[in-house]
Amino acid sequence: AAPMLYSRGGRGCLGLWRTLRPCWGNNSGSSRVRVRGSPLLQFRQISQSQSRQRAFKPLSASKSILGAFVCTGLCVSGYMYMNCTSTLVADVYADQSNGVMAAERTLGGLHLALYQYEACPFCTKVRTFLDFEKLPYDVIEVNPVMRKELKFSTEYRKVPILVITDTRAGSHDNSPTQVQLNDSAVIISVLKTYLIQGEKKAIEDILKFYPRMSYKTERGKEKFEFNNRHNIMLEHSLSEGEQRIVREEVRWRKWTDDVLVHTLPPNIYRTPTEALQAFHYLTKISNFGETEKIIGKYVGAVAMYLVSMWLKRKYKLKSDVRESLYDAADDWCEALKKRKFMGGESPNLADLSVYGVLSSIEGLDTFHDLMVRTTIKQWYYRTKHAVGVNERRYDVNRDEIWNITA
């Protein structure tokens, strides 16, 4: 029974890691390398050198025992998891958007299908953008263990993935064409560019401005990054004031992915009680049986409580990780400078990114404490009101997509 548990549980553990890992690392593959911004924006992004790699050190006996316990807990949790089914300111963009408001925008003939994990903050960030822009979309919940839903994507195996199907007539064989967008920041940037250019340029052409670039770490492991992923592509020149607005938006979009998101897991798993609460939510939104919910909830909570201690050290958070989260919220509120939104009278992409990530923990004690102990509450609910209703149309399997678009 033990070999079967560790074999099946190991795959389940991997699935559990895939579900939770987006909170811990950049979903594009690496946050170490920054690339130069688009020349179309007429400014350069601030470059950042690669961080030094830590050398491996022999583990003490106590740490080895602790590691074995964590692995066992994750494997048991994974075994249970195997059965889981799975404006920018208006003045800057007004010239090319022709004054069209978000509520009036459509992607006529384009069908959007979002492949996601429900609790992933990068996925909630994309859903926030789609909801704000009033773009209807379908959701395909990916099984984090087998990931059969992503079998069509051979090179990119992470979420979120947005598949855009063009059902409009005019193709040479009259069949729908599809474009795959990878990485939450790229998805948002490509769609925003498409919208502000009045849908004059094809999605495929816009995507060429966000090439995937690979590199190797000091240990020889291949990593990749999407160039320009936080930038919007404009066809007109910007004034100095407009460039300053754009740089601010880009900076805080990066900050969301590189700083804010890393403060969440150590907080939601900060204590055994909070870890239980988080796993209660995770099991509730997944298709666990009653027995599996109990086992997965308690064993998984213990394992992730221990992992959160490692994450706290990795990201150099304060001894009380709540303080690091509060500091991040204070930094954001200070950057708002008494504005309703960073975008002025309407949320820009930085507002939507921060809100989207924080909305992934709404309902947990971490979220409640954040609202009470910082001044972010008014901005958060103001943004929530601006985002509006959920534009999600269906929760479907990929095999059903063609039937919907036909």
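Residues take their numbers from the sequence shown, with the count starting at 1. Not measured: the values here are computed from a predicted model.
When every heavy atom of L317 is checked against every heavy atom of H262, the shortest pair comes out as CD1-O, 4.1 Å. Of all heavy-atom pairs spanning E118 and E141, the tightest one is N-OE2, 2.8 Å. Here the closest heavy-atom approach between residue R339 and residue A335 is recorded as NH2-O, 2.7 Å. Residues Y137 and R127 come closest through the heavy atom pair OH-CB, 3.6 Å. Closest non-hydrogen pair, A275 versus A301, comes out as CB-O, 3.5 Å. Across all non-hydrogen atoms, the minimal contact from Y194 to L110 is OH-CD1, 3.6 Å.
Using a distance-only test at 3.5 Å, with no hydrogens or angles considered, no donor-acceptor pair links the side chain of N182 to the main chain of I161. Within the 3.5 Å criterion, the main-chain N or O of P160 finds no donor-acceptor partner in the side chain of Q116. In this structure a side-chain-to-backbone donor-acceptor pair under 3.5 Å is missing from K125 to L352. At distances below 3.5 Å, at least one donor-acceptor pair connects side-chain atoms of T124 with backbone N or O atoms of P121. The backbone N or O of L260 sits nowhere less than 3.5 Å from a side-chain atom of T256 that would complete a donor-acceptor pair. Looking only at distances, no side-chain donor or acceptor of D365 sits under 3.5 Å from a matching main-chain atom of E274. Side-chain N or O atoms of E249 include one that pairs as donor or acceptor with a backbone N or O of L349 at under 3.5 Å. Using a distance-only test at 3.5 Å, with no hydrogens or angles considered, a donor-acceptor pair links the side chain of R147 to the main chain of R157. Looking at R253, its side chain does come within 3.5 Å of a backbone N or O of A185 through a donor-acceptor pair. Judged by distance alone, with hydrogens and angles left aside, the side-chain atoms of D351 form a donor-acceptor pair with the main-chain N or O of G343 at under 3.5 Å.
Residue R212 qualifies as enclosed at atom CZ: its count of foreign heavy atoms under 6.0 Å is above 12. Around CD of Q378, the count of heavy atoms belonging to other residues, nucleotides or ligands within 6.0 Å does not exceed 12.
Partners of Y326 by ring-ring contact (aromatic ring centres under 6.0 Å, His included), not counting sequence neighbours: none found. In terms of the side-chain hydrogen bond (donor to acceptor under 3.5 Å, both in side chains) criterion, residue partners of K318 (sequence neighbours excluded) are, by chain and number, D327. Applying the ring-ring contact (aromatic ring centres under 6.0 Å, His included) test to Y355 and every residue at least two apart in sequence or in another chain returns Y380.
Under the 4.5 Å side-chain criterion, counting only non-hydrogen atoms from C-beta, V246 is not in contact with I232. L150 places none of its side-chain heavy atoms less than 4.5 Å from the side chain of K158. A 4.5 Å side-chain heavy-atom check between M304 and V307 finds at least one atom pair inside the cut-off. Contact annotation: the side chain of V261 approaches that of F122 to within less than 4.5 Å [non-hydrogen atoms, C-beta and beyond]. Between E391 and E133 the shortest side-chain heavy-atom distance does not fall below 4.5 Å. Side chains of I376 and M371 form a contact here, defined as non-hydrogen atoms less than 4.5 Å apart.
Applying the side chain to side chain contact (heavy atoms under 4.5 Å, CB included) test between L191 and each of T193, I187, I188 identifies I187 as the sole match. Each of V142, D183, L114 was evaluated against V159; a single residue qualifies, V142, per the side chain to side chain contact (heavy atoms under 4.5 Å, CB included) test.
Atoms OH and CG, on Y269 and L311 in that order, are 9.5 Å from each other to the nearest 0.5 Å. Put simply, CZ on R322 and OG on S324 are 11.5 Å apart, with the number rounded to the nearest 0.5 Å. Distance check, rounded to the nearest 0.5 Å: OH of Y210 to CE of M233 gives 4.0 Å. Distance check: D320 CG to K312 NZ gives 8.0 Å after rounding to the nearest 0.5 Å. Annotation: the span from L181 atom CG to E204 atom CD amounts to 9.5 Å, rounded to 0.5 Å. Taking OG1 from T366 and CZ from R270, the interatomic distance works out to 7.0 Å, rounded to the nearest 0.5 Å.
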Next item on the list: Step by step, work out the side-chain contact (heavy atoms from CB on, under 4.5 Å) result for N267 and I361.
Entry: CA-CA 10 Å; N267 272 281; I361 63 171; over 6 Å; no
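Aromatic ring centres of Y115 and F152 lie closer together than 6.0 Å.
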